[in-house]
Visitor: 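Next up is a structure, given as structure tokens.
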Amino acid sequence: MATASPLPKPMSQLSRAVSEWVDSVRELTQPDDVRWCEGTKAERDGLTAELVRSGELLRLDAKEFPDCHLYRSDPADVARVEHLTYICTRSKEDAGPNNNWMDPQAARAKMRELFRGSMRGRTLYVIPYCMGPVDSPLARCGVEITDSAYVAINMLIMTRAGRPALERIAREGTFVRGLHSTGELDPNRRFIMHFPEELAIESFGSGYGGNALLGKKCHALRIASWQARSEGWLAEHMLIVGLRSPRGETHYIAAAFPSACGKTNLAMLIPPESMPGWEVCTVGDDIAWLHPGPDGRLWAINPEAGYFGVVPGTNPETNRNAYNMIRRETLFTNVALTADNRPWWEGLSGGTPVTDWQGRPYDPANGPAAHPNSRFTVSARRNPSCSPLVDDPRGVPISAIVFGGRRREVAPLVYEARDWAHGVLVGASVASETTAAAVGQVGVVRRDPMAMQPFCGYNFADYWRHWLAVGAKLSRPPRIFHVNWFRRDSHNKFLWPGYGENLRVLAWMLERCSGRAAALDGGIGLLPRPEDLNTRGMTLEPQTLRALLAVDVPLWRKEIAETRAYLEQYGERLPAQMIEQLDKTAGALGR
Ligand code: GTP
Ligand code: SPV
Ligand code: MN
């Protein structure tokens with residue numbers, strides 16, 4: 001006799017801890033309705049259709065951009081707000097000079113008042129999610145509560161969200177609690193608070209990106225970096241890319257560049273035609289969780305399931321795959337429109353913008369047509385070079401770690417650290433020109449250690465100590481490199497073509513990893529000689545390549561003095577090894 005399969009349990013009954021939390025938030029915020037997200041495609045399509053009906057989403061030209069939509073954010077809510085982002089630990093020193101700090105009790109009280117009644121007239125969405133493959137021991141779960149359907153749709157694309165995540169939470173009993181409300185979008189009533197000791201996030205008054213999609217920077221970096229320290233791993237602002245050389249060797253590289261400095265592009269790199277036989281696969285484009293493995297290597301998973309990428313500059317010439325990826329099933333935020341309802345942004349060669357990102361008739365006097373921090377949200381599966389290993393619960397083994405910044409001078413195209421401890425100093429010394437990814441001035445050089453300045457959930461001094469400790473545990477540590485794709489000449493032109501051509505630099509790194517390539521000691525670290533880089537098929541003047549690989553000693557002495565002054569701010573908590581490594585470099589450059 002056939003037995004009818006039982007109806008699945010309602011989501012609200014799967015985890016008592018989650019339900020009780022939802023009830024308490026409901027009481028505080030007073031929503032009209034509560035909806036638990038199952039994580040199905042039908043659910044996401046339904047939410048999207050609702051937002052199209054309400055006018056919050058605009059359907060784009062179905063012929064050229066099928067299943068693509070445009071969302072326009074509030075014009076004063078277009079990027080991360082670092083000055084309103086806080087780490088709330090019992091001890092202020094645990095947050096460190098690198099973070100804004102608030103006493104946890106004071107912060108909770110302040111946020112309680114903001115959240116009180118904030119969801120009246122709105123729907124509360126409950127989004128259980130898993131950062132990483134749901135069956136991976138390296139993955140971690142969270143639940144975001146939000147009153148924004150736009151945020152819910154983004155989370156459904158960016159994470160493994162829904163019933164399987166909630167089932168894992170019910171089994172494990174722990175999860176990160178992320179509470180979000182858009183409030184009135186008043187910049188004076190906007191705060192992004194983190195309580196790492198309680199695994200909790202409270203975000204109010206913004207609906208944008210890293211401020212509101214709490215699985216991303218808030219959970220997978222700020223809270224996870226705190227968890228990672230106590231559990232012996234690393235949560236980093238890194239892409240993960242796999243490279244198969246013509247010899248048939250596959251290596252994985254993890255690279256940390258500050259926001260809007262080229263992670264997505266490097267993760268999706270297309271080999272130049274003059275480098276036949278190379279294959280590239282993307283594991284992740286923004287965040288990596290790195291664990292020492294039983295084999296003495298470092299293993300990485302990408303905790304995310306989608307890309308929240310910078311739109312301007314994406315085109316068939318810079319990256320054909322990225323351009324094709326966002327021509328279907330993509331949610332655009334703050335791009336411009338052409339007369340035939342196609343999305344438009346700076347850097348596209350065809351099309352003419354008629355409506356700017358704010359929905360006004362386009363007028364160049366108002367600035368760029370698309371916001372410089374306009375973004376696409378798209379499933380990683382849409383990436384033609386997506387690695388089949390994205391769902392592997394073990395992750396991938398990392399051969400090289402790369403740090404980089406956007407520097408018009410000083411930093412050469414590439415150099416290699418002497419060893420792991422020196423590599424930690426190289427990472428800690430990263431400085432980069434600011435970009436539109438965060439509110440504030442663009443183009444000024446600031447310190448951004450490991451590209452984590454906005455994202456490290458605890459004191460950088462403790463973080464570098466932790467990096468040193470993780471390295472000491474690895475019998476086969478990755479080699480560590482530094483790159484700079486953004487060096488410029490006296491006419492302000494980029495010296496290096498970048499994008500796909502960056503493979504030439506990665507290829508040298510892999511030759512170093514295999515012990516086949518030579519390097520010169522340049523004082524700051526090990527550099528390729530011009531002839532060590534494969535430049536076949538490139539039009540690059542020999543003097544340009546020499547300039548790209550030059551170490552300007554007086555400029556570097558100044559850089560080292562600045563790094564020293566920066567590190568000294570961390571006082572007694574700074575590991576002595578950091579200054580020892582700096583002294584070694586200073587000594588090598590001569591005083
Ligand atoms: P976040 O999502 O903010 O973390 O940014 P990201 O690090 O992923 O940067 P992304 O790859 O989106 O690139 C940011 C901007 O830099 C885009 O406008 C790119 O077109 C440009 N860019 C990326 N790679 C290169 C490069 O190698 N050379 C040059 N000149 N520009 C690049
Ligand atoms: C970044 O700023 O590094 C991003 C975009 O990746 S956001 O999600 O806003 O953090
Ligand atoms: Mn990023």
Side-chain angles (χ1 to χ4, degrees), residues 73 77-82 85 151 154-155 158 192 203 206-222 236-241 255-270 272 282 284-288 304 306-315 317-319 321-323 325-326 333-334 345-348 368 370-378 402 404-408 413-414 432-440 442 448 451-455 483-488 492-506:
S73 76
D77 184 31
V78 293
R80 284 184 293 99
V81 283
E82 296 178 4
T85 299
V151 166
N154 274 279
M155 283 293 289
M158 293 299 298
I192 325 296
S203 165
S206 165
Y208 202 82
N211 300 331
L213 315 181
L214 302 186
K216 198 171 176 59
K217 298 310 186 357
C218 299
H219 177 165
L221 289 178
R222 298 195 190 94
E236 299 298 328
H237 191 199
M238 290 178 176
L239 66 94
I240 308 164
V241 65
F257 310 146
S259 302
C261 290
K263 287 182 300 301
T264 302
N265 275 275
L266 195 68
M268 296 184 64
L269 179 147
I270 298 178
T282 314
D285 85 319
D286 197 50
I287 299 179
E304 301 190 281
Y307 308 151
F308 184 66
V310 174
V311 176
T314 309
N315 64 53
E317 291 79 46
T318 53
N319 193 304
N321 284 349
Y323 180 70
M325 171 176 78
I326 60 176
T333 301
N334 290 344
W345 53 85
E346 275 67 21
L348 274 187
H371 189 278
N373 192 38
S374 52
R375 296 268 168 174
F376 55 78
T377 318
V378 68
V402 183
R406 190 182 273 271
R407 293 296 294 271
R408 58 185 65 236
L413 180 63
V414 60
S432 189
E433 293 156 25
T434 50
T435 65
V439 168
V442 167
D448 197 347
M452 283 287 278
Q453 167 52 43
F455 309 120
V483 299
N484 178 19
W485 314 137
F486 300 95
R487 227 159 130 157
R488 301 195 195 221
N492 216 23
K493 268 194 62 191
F494 290 118
L495 286 173
W496 179 250
Y499 300 101
E501 305 294 340
N502 293 336
L503 179 59
R504 300 175 189 276
V505 174
L506 303 184

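Start at 1 and go down the list; that is how both ligands and their atoms are numbered. For clarity, every value in this text was computed on a predicted model and none was experimentally measured. Reckoned from all heavy atoms, side chains included, excluding hydrogens, waters and symmetry mates.
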Visitor: How long is the span from the CG atom in D448 to the CZ atom in R406, to the nearest 0.5 Å?
Guide: 12.5 Å
Visitor: Check ligand 1 against T264 and write out every atom of the ligand that is under 4.0 Å from a heavy-atom position of the residue.
Guide: 6 (P), 8 (O), 11 (O)
Visitor: Nearest heavy atom to atom 2 (O) of ligand 1: which of M268, R375, R80, H237 does it belong to?
Guide: R375
Visitor: Where's the contact between D286 and ligand 2, heavy-atom distance under 4.0 Å: side chain, backbone, both or neither?
Guide: side chain
Visitor: Would you mind checking which non-hydrogen protein atom is closest to atom 5 (O) of ligand 1, with the distance to 0.1 Å?
Guide: A260 N, 2.8 Å
Visitor: Would you mind listing which atoms of ligand 2 come within a distance below 4.0 Å of any non-hydrogen atom of H237?
Guide: 3 (O)
Visitor: Return a yes/no value for G309: is any of its N or O atoms, backbone included, closer than 3.5 angstrom to an N or O of ligand 1?
Guide: no
Visitor: Which atoms of ligand 1 have any heavy atom of D286 under 4.0 Å away?
Guide: 4 (O)
Visitor: Does H237 reach the main-chain N or O of A451 with its side chain, forming a donor-acceptor pair under 3.5 Å?
Guide: yes
Visitor: Measure from the side-chain N and O atoms of T282 to the backbone N and O of V241, and report whether any donor-acceptor pair falls under 3.5 Å.
Guide: no
Visitor: Using only atom types and a distance under 3.5 Å, with no angle test, would you say the side chain of E82 pairs donor to acceptor with the backbone of V439?
Guide: no
Visitor: Just which atoms of ligand 2 are under 4.0 Å from any heavy atom in S259?
Guide: 1 (C), 2 (O), 3 (O)
Visitor: Walk me through whether R375 and N373 qualify under side chain to side chain donor-acceptor pair (under 3.5 Å).
Guide: CA-CA 6 Å; R375 296 268 168 174; N373 192 38; 2.9 Å; yes
Visitor: State the atoms of ligand 2, each with its element, that fall below the 4.0 Å cut-off from a heavy-atom position in A437.
Guide: 2 (O)
Visitor: Would you mind running through ligand 2 and noting each atom that sits below 4.0 Å from a heavy atom of K216?
Guide: 6 (O), 8 (O)
Visitor: Could you tell me which N, O or S atom of D286 is nearest to the Mn ion (ligand 3)?
Guide: OD1
Visitor: Identify the heavy atoms of N315 and G347 that sit nearest to each other, and give their distance.
Guide: ND2-O, 2.8 Å
Visitor: Between T377 and F308 (side chain of the first, backbone of the second, donor and acceptor by atom type, cut-off under 3.5 Å), is there such a pair?
Guide: no
Visitor: With a 4.0 Å cut-off, would you call R407 and E433 a salt bridge?
Guide: no
Visitor: Give me the nearest non-hydrogen protein atom to atom 17 (C) of ligand 1 as residue plus atom name, then the distance to 0.1 Å.
Guide: P312 O, 3.7 Å
Visitor: Relative to atom 32 (C) of ligand 1, which among F257, W345, Y499, W485 owns the nearest non-hydrogen atom?
Guide: Y499
Visitor: Which of the numbered atoms in ligand 1 are under 4.0 angstrom from any heavy atom belonging to N502?
Guide: 27 (O)
Visitor: Does ligand 2 have an atom under 4.0 Å from some heavy atom of R375?
Guide: yes
Visitor: Please list the nearest protein heavy atom to atom 4 (O) of ligand 1 with its residue and the distance rounded to 0.1 Å.
Guide: K263 NZ, 2.8 Å
Visitor: Rounded at 0.5 Å granularity, tell me how far CG in N211 sits from OG1 in T85.
Guide: 6.0 Å
Visitor: Taking only heavy atoms of P258 into account, list the atoms of ligand 1 that are under 4.0 Å away from them.
Guide: 7 (O)
Visitor: Nearest 0.5 Å please: distance from the CZ atom of F257 over to the NZ atom of K263.
Guide: 8.0 Å
Visitor: Closer than 4.0 Å to some heavy atom of R406 - which atoms of ligand 1 meet that?
Guide: 15 (C), 16 (O)
Visitor: I want to know if ligand 1 touches D285 in the polar sense, i.e. an N/O pair below 3.5 angstrom.
Guide: no
Visitor: Whether the side chain of T435 engages the backbone of S259 through a donor-acceptor N/O pair (distance < 3.5 Å, no angle test) should be reported.
Guide: yes
Visitor: Tell me the protein heavy atom at minimum distance from atom 9 (O) of ligand 1, and give that distance in Å.
Guide: G262 N, 2.8 Å
Visitor: Starting from atom 6 (O) of ligand 2, find the nearest protein heavy-atom neighbour and note its residue, name and distance.
Guide: K217 NZ, 2.6 Å
Visitor: Answer yes or no for K217 and F455: cation-pi contact, defined as NZ/CZ to six-membered ring centre under 6.0 Å and angle to ring axis within 45°.
Guide: yes
Visitor: Among all protein heavy atoms, pick the one closest to atom 9 (O) of ligand 2 and tell me residue, atom and distance.
Guide: G210 N, 2.8 Å
Visitor: Could you measure the distance from the CZ atom of F376 to the OG1 atom of T264? Nearest 0.5 Å is fine.
Guide: 5.5 Å
Visitor: Does ligand 1 have a heavy atom under 4.0 Å from the side chain of S259, from its backbone, from both, or from neither?
Guide: both
Visitor: Passes side chain to side chain donor-acceptor pair (under 3.5 Å), S374 versus N334? Steps please.
Guide: CA-CA 5 Å; S374 52; N334 290 344; over 6 Å; no
Visitor: Give a yes/no answer: is there an N/O/S atom of K217 under 2.8 Å from the Mn ion (ligand 3)?
Guide: yes
Visitor: Do the side chain of R80 and the main chain of P454 share a donor and acceptor less than 3.5 angstrom apart?
Guide: no
Visitor: Can you check which of F494, F486, W496 brings a heavy atom nearest to atom 29 (C) of ligand 1?
Guide: F486
